[in-house]
> 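One structure, as structure tokens, below. Some questions next.
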Amino acid sequence: MRSSAHSEPDAVRGIDLDAQTRCAHYHLPVDIVAIRMRCCDTYYACKDCHDALAGHPLEPWPRSEWSRHAILCGACRTEMSVADYLGCGDACPHCGSAFNPGCRLHHHYYFEAAP
């Protein structure tokens, strides 16, 4: 599922990152998703890390680009499309690691709302 046309998934940015992309803001066992920000084509652990480090506003992914690989599982380092992530049922479709279901509360920051 990896694509090399953009920043490497190993280059996740964030504050106090661990090996599975947990950060100072979100560090529960299930907080293992990093998101490639559309505005800068760079993976960040979360919106708060982006706000602190990027120097520009976050730009959500438009629905027309949800087929792009923009989500990284911190457990197995598999990239997936926005659409695959939004439809995965809170677990990595590759390794089965659980994702935080509470992240759905923040989707509006990262992904354009459904019409």
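We count residues from 1, following the sequence as given. This structure is a prediction, so every number in the text was calculated from the model and none was measured.
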> Does the Gln20 side chain pair with the main chain of Ile32, one donor and one acceptor, at a distance under 3.5 Å?
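No, the answer is negative, given that no donor and acceptor are paired below the 3.5 Å cut-off.
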
> So do the side chains of Arg13 and Thr42 get within less than 4.5 Å of each other, counting heavy atoms only?
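Side-chain contact under 4.5 Å: yes.
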
> What's the separation between atom CG in Asp84 and atom OG1 in Thr78, rounded to the nearest 0.5 Å?
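Nearest 0.5 Å value for the CG-OG1 distance: 11.5 Å.
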
> So, does Ser97 use its side chain to make a donor-acceptor pair with the main chain of Cys95 at under 3.5 Å?
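The answer is no, because no donor-acceptor pair under 3.5 Å joins these two groups.
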
> Test ring-ring contact (aromatic ring centres under 6.0 Å, His included) on Phe111 and His106 and set out the steps.
CA-CA 9 Å; Phe111 315 118; His106 302 147; over 10 Å; no

> For Cys76 versus His94, what's the shortest heavy-atom pair and its separation?
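Taking Cys76 first and His94 second, the nearest heavy atoms are SG-CD2, 3.6 Å.
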
> Is a side-chain donor or acceptor of Trp66 paired with a backbone partner of Trp61 at a separation under 3.5 angstrom?
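Here the side-chain-to-backbone pair exists.
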
> Which value, rounded to the nearest 0.5 Å, describes the distance between Phe99 atom CZ and Cys88 atom SG?
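Answer rounded to 0.5 Å: 5.0 Å.
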
> Looking at Ile71 and Ile35, what are the two nearest heavy atoms and their distance?
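Scanning both residues completely, I find the closest heavy atoms to be CD1-CG1, 3.9 Å.
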
> Going through the distances and angles, do Cys46 and Tyr110 end up as a side-chain contact (heavy atoms from CB on, under 4.5 Å)?
CA-CA 9 Å; Cys46 74; Tyr110 305 107; 4.0 Å; yes

> Would you check if the distance from the ring center of Tyr109 to the ring center of His50 is below 6.0 Å?
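No, ring centres 6.0 Å or more apart.
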
> Are Val30 and Leu17 connected in the hydrophobic side-chain network, where two residues link if heavy atoms are under 4.5 Å apart?
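Each belongs to a different hydrophobic cluster.
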
> Heavy atoms only: give me the nearest Ile15-Cys49 pair and the separation to one decimal.
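Closest approach of Ile15 to Cys49: N-SG, 3.3 Å.
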
> With a 4.5 Å limit on heavy-atom distance, are the side chains of Arg38 and Pro60 in contact?
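Arg38 does not reach Pro60 side chain to side chain.
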
> Below 4.5 Å, heavy atoms only, C-beta onward: do Asn100 and Leu28 meet side chain to side chain?
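Yes; the side chains approach each other to less than 4.5 Å.
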
> Evaluate His56 against Cys40 for side-chain contact (heavy atoms from CB on, under 4.5 Å), listing each step before the verdict.
CA-CA 9 Å; His56 60 264; Cys40 53; 3.5 Å; yes

> What are the two closest heavy atoms between Arg77 and Ala19, and how far apart are they?
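Arg77 and Ala19 have their closest heavy atoms at NH1-O, 3.4 Å.
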
> Assess the residue pair Tyr26 and Cys103 against the criterion (side-chain contact (heavy atoms from CB on, under 4.5 Å)); give the C-alpha distance rounded to whole Å, side-chain angles, the decisive distance to 0.1 Å, and a yes or no.
CA-CA 10 Å; Tyr26 299 97; Cys103 289; over 6 Å; no

> Taking all atoms of both residues into account, what is the closest heavy-atom pair of Arg22 and Asp31, and its distance?
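Looking at all heavy atoms of both residues, the shortest contact is CG-O, 2.9 Å.
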
> How many angstroms lie between CE in Met80 and CG in Leu72, if you round to the nearest 0.5 Å?
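Rounded to the nearest 0.5 Å, the CE-CG separation comes out at 7.5 Å.
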
> How far does CZ of Arg36 sit from OH of Tyr43, to the nearest 0.5 angstrom?
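OH of Tyr43 is found 4.0 Å from CZ of Arg36.
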
> In sequence, state the C-alpha distance, the side-chain angles, and the governing distance for Glu79 and Tyr85, and then conclude on side-chain hydrogen bond (donor to acceptor under 3.5 Å, both in side chains).
CA-CA 9 Å; Glu79 285 187 291; Tyr85 169 69; over 6 Å; no

> Decide yes or no for Arg68 and Ser81: does some side-chain heavy atom of the first lie under 4.5 Å from some side-chain heavy atom of the second?
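Arg68 does not reach Ser81 side chain to side chain.
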
> Identify the two heavy atoms, one from Tyr44 and one from Val12, that lie closest to each other, and give their separation to 0.1 Å.
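Closest approach of Tyr44 to Val12, heavy atoms only: C-CG1, 4.1 Å.
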
